[in-house]
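Working notes, beginning with the structure itself.
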Amino acid sequence: FFFFSSRRRHTRCREVSWARRCVQETDQRRVHGDIAMAEKLARIFGTEEDKVNCPFYYKIGACRHGDRCTRLHNKPLLSQTIIIPHMYENPPAAVAFSEGTKVPEEALKEAVRHFEDFYEEVFIEMCKYGELEEMSVCDNVGDHLMGNVYAKYYREEDAKSALTALNGRYYAGRIIHCEYSPVTDFHVARCRQYDDGTCTRGGYCNYMHLKHVSRTFKKSLFRQMYDDFPEYRRRRGQRMKDMNRRSRSKSKKNHRHSKKSRSRHNSRSKSHSKSHSRSRSKEHNLFKKSSEERRAMIASWAKEDEEKGKAKPEVSANPPEKPLEAEKPNQHQ
């Protein structure tokens, strides 16, 4: 009875341990599967492979399908960029030029002047709520991008204050409706073919065709912003100091690493040179002395070799032969 009870107890323990091991393996597989799925979702988020989130809204902040889009439009709760849809009204000459038709030069100059006046007015108004990093206006003809104004601030708090202050106001007889935009990098959102002058879709392209603003005009506006708001200039100086401090710390780390590697290399080379110098010190000392001293030194070395040879006689492979003993005379004779 005791034998059978101990055997049952042993089998029961084996079953329990096996069940625990199975549970642990399933938990590990589940964890690894969740990690792999999370990595895949993070990799494809905002791309064409993502079948849940809309890639165009993530890159551009607007979608041509609008609310009828089959994918999700994840609107951010807080962002550095705000968007004012359909704020700028393109003149008829600018719309015709964007579609590819020929327009007189005077009409084009008037359209450029009209846009620069609008840009300066909106830029100065946006600067009242915080330090602007960039402001862009779309030149597209599509309904979801026509006249959109993007204003990116350095701080999210400034974008929030601008959003609350501009919502509900009127511009050119039309109410302003602002919202946060997921766009933070305009280099990804803009059409590169349009910048190269090779876009075949024209104004109906789904990527941003940003209106051109001359560099001198933009510099003058930023200079005016820093002159009107000196605190922005102080923030900029502090920001530049922090950037320089980070770059110096990185350069110091790289310098320390290179210095350590150089010190290791030098120590190895020094040890190698010391061993090499020890092996050849005898020869160097010999050549440094005069001729008489060299002869005396060579003679002493030869004498030492002779003494060593006498102290250690050579051992021959064959044992020495015994000398023949003389025959003893027979006593009986």
Side-chain angles (χ1 to χ4, degrees), residues 38 41-43 45-47 50 52-63 66-67 71-88 118-138 144-145 147-171 175-190 207-208 210-211 213 218-219 221-247 249-250:
L41 292 176
R43 179 176 55 82
F45 181 76
T47 61
D50 192 358
V52 179
N53 304 296
C54 181
F56 279 100
Y57 185 81
Y58 178 71
K59 292 178 182 178
I60 305 169
C63 179
D67 297 333
R71 302 183 186 182
L72 295 177
H73 293 172
N74 294 316
K75 296 184 178 181
L77 300 176
L78 193 63
S79 176
Q80 294 177 258
T81 309
I82 62 172
I83 178 175
I84 308 175
H86 315 303
M87 185 179 184
Y88 178 66
F118 166 82
Y119 192 90
E120 183 178 3
E121 184 180 3
V122 176
F123 190 92
I124 293 172
E125 183 65 25
M126 292 288 185
C127 292
K128 296 178 181 178
Y129 310 106
E131 184 182 2
L132 272 176
E133 183 179 352
E134 190 174 356
M135 192 179 107
S136 303
V137 182
C138 286
H144 62 294
L145 289 174
N148 289 358
V149 177
Y150 295 84
K152 183 181 177 182
Y153 290 89
Y154 278 102
R155 302 192 306 174
E156 294 178 348
E157 296 82 3
D158 299 338
K160 184 179 180 180
S161 60
L163 184 74
T164 54
L166 294 174
N167 258 331
R169 291 178 59 179
Y170 285 85
Y171 180 81
I175 193 168
I176 296 176
H177 174 69
C178 299
E179 61 184 15
Y180 291 115
S181 176
V183 180
T184 55
D185 189 3
F186 290 95
H187 294 285
V188 178
R190 65 193 306 165
Y207 287 93
M208 288 185 187
L210 300 180
K211 279 189 167 293
V213 183
K218 191 179 287 189
K219 279 186 177 181
L221 290 177
F222 275 98
R223 193 181 300 109
Q224 183 179 353
M225 178 185 71
Y226 288 121
D227 291 340
D228 295 342
F229 302 96
E231 61 271 16
Y232 298 166
R233 193 184 296 276
R234 287 194 294 270
R235 290 179 195 168
R236 183 188 178 190
Q238 187 64 33
R239 198 164 51 246
M240 295 298 291
K241 287 181 181 178
D242 295 339
M243 290 175 63
N244 293 333
R245 194 179 297 113
R246 292 193 201 100
S247 62
S249 62
K250 288 181 180 179

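As the structure is a prediction and not an experimental result, all values here were calculated from the model. The analysis underlying the following values was restricted to heavy atoms, covering all of them including side chains, and did not include hydrogens, waters or symmetry mates.
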Steps toward side chain to side chain contact (heavy atoms under 4.5 Å, CB included) verdict (I82, Y180): CA-CA 5 Å; I82 62 172; Y180 291 115; 4.1 Å; yes
Check against side chain to side chain contact (heavy atoms under 4.5 Å, CB included), I84 and Y171: CA-CA 11 Å; I84 308 175; Y171 180 81; over 6 Å; no
Verdict with supporting geometry, Y58 and L72, side chain to side chain contact (heavy atoms under 4.5 Å, CB included): CA-CA 10 Å; Y58 178 71; L72 295 177; over 6 Å; no
N53 vs R71, side chain to side chain contact (heavy atoms under 4.5 Å, CB included): CA-CA, chis, key distance, verdict: CA-CA 5 Å; N53 304 296; R71 302 183 186 182; 5.8 Å; no
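Between Y88 and F118, the two ring planes are tilted [angle within 30° to 60°].
Residues meeting the side chain to side chain donor-acceptor pair (under 3.5 Å) test with K218, sequence neighbours left out: none. Q80 is linked by a side-chain contact (heavy atoms from CB on, under 4.5 Å) to E133, K152, E156, counting only residues two or more places apart in sequence or in another chain.
The closest side-chain heavy-atom distance from Y154 to R236 is not below 4.5 Å. With a 4.5 Å cut-off on side-chain heavy atoms, Y153 and Y129 count as touching.
Ion pairing of R239 with D242 is absent here, as no side-chain N (NZ or NE/NH1/NH2) approaches a carboxylate O to less than 4.0 Å. Between R233 and D227 there is a salt bridge, since a side-chain N of the basic residue sits under 4.0 Å from a carboxylate O of the acidic one.
Between A189 and V183, the closest heavy-atom pair is CB-CG1, 4.3 Å. Between Y119 and V213, the closest heavy-atom pair is CE1-CG2, 4.0 Å. Considering every non-hydrogen atom in both G61 and S181, the closest pair reads CA-OG, 4.0 Å. Between L132 and F222, the shortest heavy-atom contact is O-CE2, 3.4 Å. Looking at every heavy atom in both residues, C63 comes nearest to C54 through SG-SG, 3.8 Å. For H177 against P85, the heavy-atom pair with the smallest separation is O-CD, 3.1 Å.
Side chains of Y226 and E131: a donor on one and an acceptor on the other come within 3.5 Å.
To the nearest 0.5 Å, atoms NE2 (H86) and CG (L145) are separated by 8.5 Å. Q238 contributes atom CD, which lies 6.5 Å from atom CZ of R245 (distance to the nearest 0.5 angstrom). One distance of note links CE of M126 with CE of M135; it measures 6.5 Å at 0.5 Å rounding. Here N148 contributes atom CG and L210 contributes atom CG; the two are 10.5 Å apart, rounded to the nearest 0.5 Å. Between C178 atom SG and N167 atom CG the span is 5.0 Å, to the nearest 0.5 Å. Within the model, atoms NE2 of H73 and CZ of F56 stand 10.5 Å from one another, a figure rounded to the nearest 0.5 Å.
A side-chain donor-acceptor contact under 3.5 Å links Y150 to the backbone of I60.
Counting only residues at least two apart or in different chains, salt bridge (charged side-chain N to carboxylate O under 4.0 Å, His left out) contacts with residues 158-168 comprise R155-D158, D158-R235.
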